S.K.: 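One structure, as structure tokens, below. Some questions next.
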Amino acid sequence: MEKMVDTSWLKKDLNSVQRQAVEQTEGPVLVLAGAGSGKTRVLTYRIAYILANGLAEPREILAMTFTNKAAGEMRERVAKLTPSMLSGMWIGTFHSLFARLLRREAEKLGFDHNFAIYDESDQTSLLKRVLAALKLPLKEYSPKKMLYQISAAKNNLISPADMLEASEKEVDRILARVYAEYQRQLKDLNAMDFDDLLVKPIELFERFPLVKEYYQDRFTYILVDEYQDTNRAQYLALRYLAARKKNICVVGDDDQSIYRWRGADIRNILDFEKDYSDCCKFRLEQNYRSTQNILSAAHSVIKNNRQRHHKELWTTQLSGDKVSLLEIDDDLHEARMIVNRLGMELKNGDRDFKDFALLYRTNAQSRVLEEALRVEGIPYIIVGGIKFYERKEIKDVLSYLRLLINPSDVISMTRIINTPARGVGQVTLGKIEAFAQKNNLSILEAVAQVPQIPGVSAKSVQSLLTFYHTMCKYRDLLGQLSPSEIAASLVDDIGVLRDLKQEGTIESMARVDNVRELLLAISEFSNQFGSKVTLADYLQHVSLTTDIDNWDDRANAVTLMTLHAAKGLEFSVVFIAGLEEGLFPLSRSLDDSAALEEERRLFYVGATRAKHKLYLSWARNRRRYGERINSVVSRFIKEMDGTFVDWQQKRRPVSRRSPYGSSRRYEETFDMPDYENESQENVEFRIGMRVSHHTFGKGTILKIEPSGPTAKLVVQFDTAGKRRLVMPYAKLEIL
DNA sequence: AGTGCATATCTTTTT
DNA sequence: GATATGCACT
């Protein structure tokens, strides 16, 4: 049989290591794939190879990625190789595939299959409810921090009971109680948060061995992309799934692990060989993306990390241009300089706008860059930042839809019960909730009974009943109308557009557009996935879709995004802005070597996005938190091997004529007055500087909190720990 | 119940 | 500096 299958395409498109990794279908396989070494290619060809050789049916293949975009790409590329074999394969993100699995098995875990998926703001609302229920004052217990700790616990598979047992201090016990109550309420509301999507499958497998065995048998071949970014829960879920057939192939690069803060555990990839002792290991070290200079420069930085597999990428490409370093006065000039260089590259290099990316550490940095691009009339797209689905007006409409699907969703109910205003406030809502609880009703059912609840004004009763009947009407229509018809009609019924138009401000008109865009998106979703998609499908899609997934890589525009969002992408020319101590690496990681190594990996990820040309820039003075801050150059630039770098340290002159468009405007703007003579009262201190204190000894400045004469410094002392000092009294000596 | 002012926190990164 | 939230006041 196998002889008949033509696999010559393997030889043609793959190098020898890639081919080996594709052909080693049986048993555990670890592919250490450096940046730009063709890991997606290996994954897709491996799937195609398995199918072409009849080793498995499509439905026996499980392929996990981190973003929908990566999943879509994989699906597309597999379809090209084996066009007839697509249907039934499980290709998707961890979250979406596990959500699919959980919907099938939800009842076993005490959930309804229509469970809601809570995002961060839903989680925060819920946690506030929990804190209120436990009578804990919000001031002392920051919901954000607690949420973070609960999330960390979940990712490490620590249950509320485990946490309670391990807690020694009172605060820890309280946290454990909050965690327990939070989980209890989620179940009550028939909702799961993002972490639950990863953790609940494990609970399912452990409590129901037969279910586990079903999936173990079903998935003959498991493939995992970006394995370096898996957390403990993902690790264990994969272990369970692969335990029987052991055909698990993980692909990743420890140098590109950048989600530690979200619970990713780099040990998962570092220890794969220990976990699967009979595994085959392949190293992809030939890079097909970047020039030698870019690779060498990136390597000279990443090699400073201790926690890594040693490796060095190579290429057959020419050395290419050196990496350009731009040292600039302030963030405004930085933006202009970047745009200026962009113009030069555009003209010299036969390139188009879409070949450029501007990358930065924090979303806040996009503003000045955006402004500079706008001034020159350069088209650009910003990925990330304020997310569409998180806008108020959008969340409001979505909350109506969510409540339709899941009538227990109190969080959505609290959002919309008084939008538009119905004369229902906190007090009334509290009464309804209490009534629901006492009579064991869903929150929506309780609204139906509102005439029986004492102390609710006649006017409120009336509007609540109208609200209830509207919801009932659409619940009945769920089976009959398409998602977009329901949404459009509902939007019309509740009159959001009318109210917004009446407001008549610029902002409210923008919101009208947003709501219209939402309606359009819903109907597009139906078009894309066929007429049998339900509103519930759409809502899940919304919950698990991010900005980068919607990024249109065909649009001819410069792309602005964070370094995190850029992972997996490539551009001809890449700019990385803001290479300053305290910004990149970020100040919070300065005193934590693991966090610092992660920043370094992030830098590596950014640098290796560039195919032909890489620019790095830093500004000595930058606006942050609405204040001006002085900083020193990032250690990553200092670590970089100078032979690969073109040090353009002199600020001016840049070029006599801007090669881009109207040169006059550029020169005018660039010839701005120096900031050096202004507001220099505290310049002697900069983030990242080494200082000495008469009692605390030597240390590094982590942070400067400028607030006039009482500016404070946060200093990490080598022996005395982290201290906050008031600048005028600190008497620090600069080393 | 709704309005307006004061404050706090934010800028780490996202499924 | 911007937004979001909490609080006091009406």
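Keep in mind that the numbers below use all heavy atoms, side chains included, and drop hydrogens, waters and symmetry copies. Here is the naming used below: chain letters follow the sequence lines, and residue numbers restart at 1 for every chain. Fair warning: this is a prediction, and the values are worked out from it, not measured in the lab.
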S.K.: Under the ring pair (Phe, Tyr, Trp, His ring centres under 6.0 Å) test, which residues partner A/Tyr380, sequence neighbours left out?
M.R.: none
S.K.: Tell me whether A/Lys200 is salt-bridged to A/Glu105, with the criterion being a basic N under 4.0 Å from an acidic carboxylate O.
M.R.: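 No, A/Lys200 and A/Glu105 are not salt-bridged.
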S.K.: Could I get the full list of salt bridge (charged side-chain N to carboxylate O under 4.0 Å, His left out) partners for A/Arg622, not counting sequence neighbours?
M.R.: A/Glu334, A/Glu580
S.K.: List the residues meeting ring pair (Phe, Tyr, Trp, His ring centres under 6.0 Å) with A/Phe66, not counting sequence neighbours, and say none if there are none.
M.R.: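 A/Phe66 satisfies ring pair (Phe, Tyr, Trp, His ring centres under 6.0 Å) with A/Phe94 only.
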S.K.: Answer yes or no for A/Arg262 and A/Tyr259: cation-pi contact, defined as NZ/CZ to six-membered ring centre under 6.0 Å and angle to ring axis within 45°.
M.R.: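 Judged by the rule, A/Arg262 and A/Tyr259 form a cation-pi pair.
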S.K.: State, with a plain yes or no, whether a side-chain heavy atom of A/Asn268 is found less than 4.5 Å away from one of A/Arg232.
M.R.: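 Yes - at least one pair of side-chain heavy atoms lies under 4.5 Å apart.
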S.K.: For A/Asn418, which contact category applies under a 4.0 Å heavy-atom criterion: base, sugar-phosphate, or nothing?
M.R.: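 Sugar-phosphate, backbone atoms only, no base.
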S.K.: Strictly below 4.0 Å, N to O, side chains only: are A/Asp396 and A/Arg415 in salt-bridge contact?
M.R.: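 Looking at A/Asp396 and A/Arg415, the cut-off is met.
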S.K.: Report which part of the nucleic acid A/Thr428 touches: base, sugar-phosphate, or nothing (heavy-atom distance under 4.0 Å, all strands).
M.R.: sugar-phosphate
S.K.: Does NZ or CZ of A/Arg601 lie under 6.0 Å from the centre of the six-membered ring of A/Tyr604, at an angle within 45° of the ring axis?
M.R.: no
S.K.: For atom CZ of A/Arg367, is the number of surrounding heavy atoms from other residues, nucleotides or ligands below 6.0 Å larger than 12?
M.R.: no
S.K.: Answer whether the closest heavy-atom distance between the side chains of A/Tyr538 and A/Ile405 falls below 4.5 Å.
M.R.: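 A side-chain contact is absent here, since even the closest heavy-atom pair is not under 4.5 Å.
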S.K.: Between A/Ser460 and A/Lys145, name the one whose nearest nucleotide on DNA chain B is closer to the 5' end.
M.R.: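 Result: A/Ser460.
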S.K.: B/dT11 and C/dG6: how far apart are their C1' atoms, nearest whole angstrom?
M.R.: 22 Å
S.K.: Would you indicate what A/Phe66 reaches in the nucleic acid, counting non-hydrogen atoms under 4.0 angstrom: base, sugar-phosphate, or nothing?
M.R.: sugar-phosphate
S.K.: Do A/Ile432 and A/Val447 touch side chain to side chain, with heavy atoms closer than 4.5 Å?
M.R.: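 Sidechains of A/Val447 and A/Ile432: in contact.
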S.K.: Taking CZ from A/Arg391 and P from C/dT3, how many angstroms apart are they, rounded to a whole number?
M.R.: 12 Å
S.K.: Distances under 3.5 Å only, N/O to N/O: pair up the protein atoms with those of nucleotides 11-14 of chain B.
M.R.:
from: B/dT11; atom 1: OP2; to: A/Lys144; atom 2: NZ; distance (Å): 3.4
from: B/dT12; atom 1: OP1; to: A/Arg588; atom 2: NH1; distance (Å): 2.8
from: B/dT12; atom 1: O2; to: A/Arg361; atom 2: NH1; distance (Å): 2.8
from: B/dT12; atom 1: O2; to: A/Arg361; atom 2: NH2; distance (Å): 2.2
from: B/dT13; atom 1: OP1; to: A/Asn363; atom 2: N; distance (Å): 3.4
from: B/dT13; atom 1: OP2; to: A/Asn363; atom 2: ND2; distance (Å): 3.2
from: B/dT13; atom 1: O2; to: A/Trp261; atom 2: NE1; distance (Å): 3.3
from: B/dT13; atom 1: O2; to: A/Arg361; atom 2: NH2; distance (Å): 2.5
from: B/dT13; atom 1: O2; to: A/His564; atom 2: NE2; distance (Å): 3.4
from: B/dT14; atom 1: OP1; to: A/Thr562; atom 2: OG1; distance (Å): 3.3
from: B/dT14; atom 1: O4'; to: A/Arg262; atom 2: NH1; distance (Å): 3.2

S.K.: May I have the distance from A/Leu147 (atom CG) to B/dC10 (atom P), rounded to whole angstrom?
M.R.: 13 Å
S.K.: Taking N or O atoms only and anything under 3.5 Å, show me the protein contacts with nucleotides 4-7 of chain B, one pair per line.
M.R.:
none

S.K.: Taking DNA chain B as the partner, which of residues 227-238 of chain A come within under 4.0 angstrom of it by heavy atom?
M.R.: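 Within this stretch, nothing sits under 4.0 Å of the strand.
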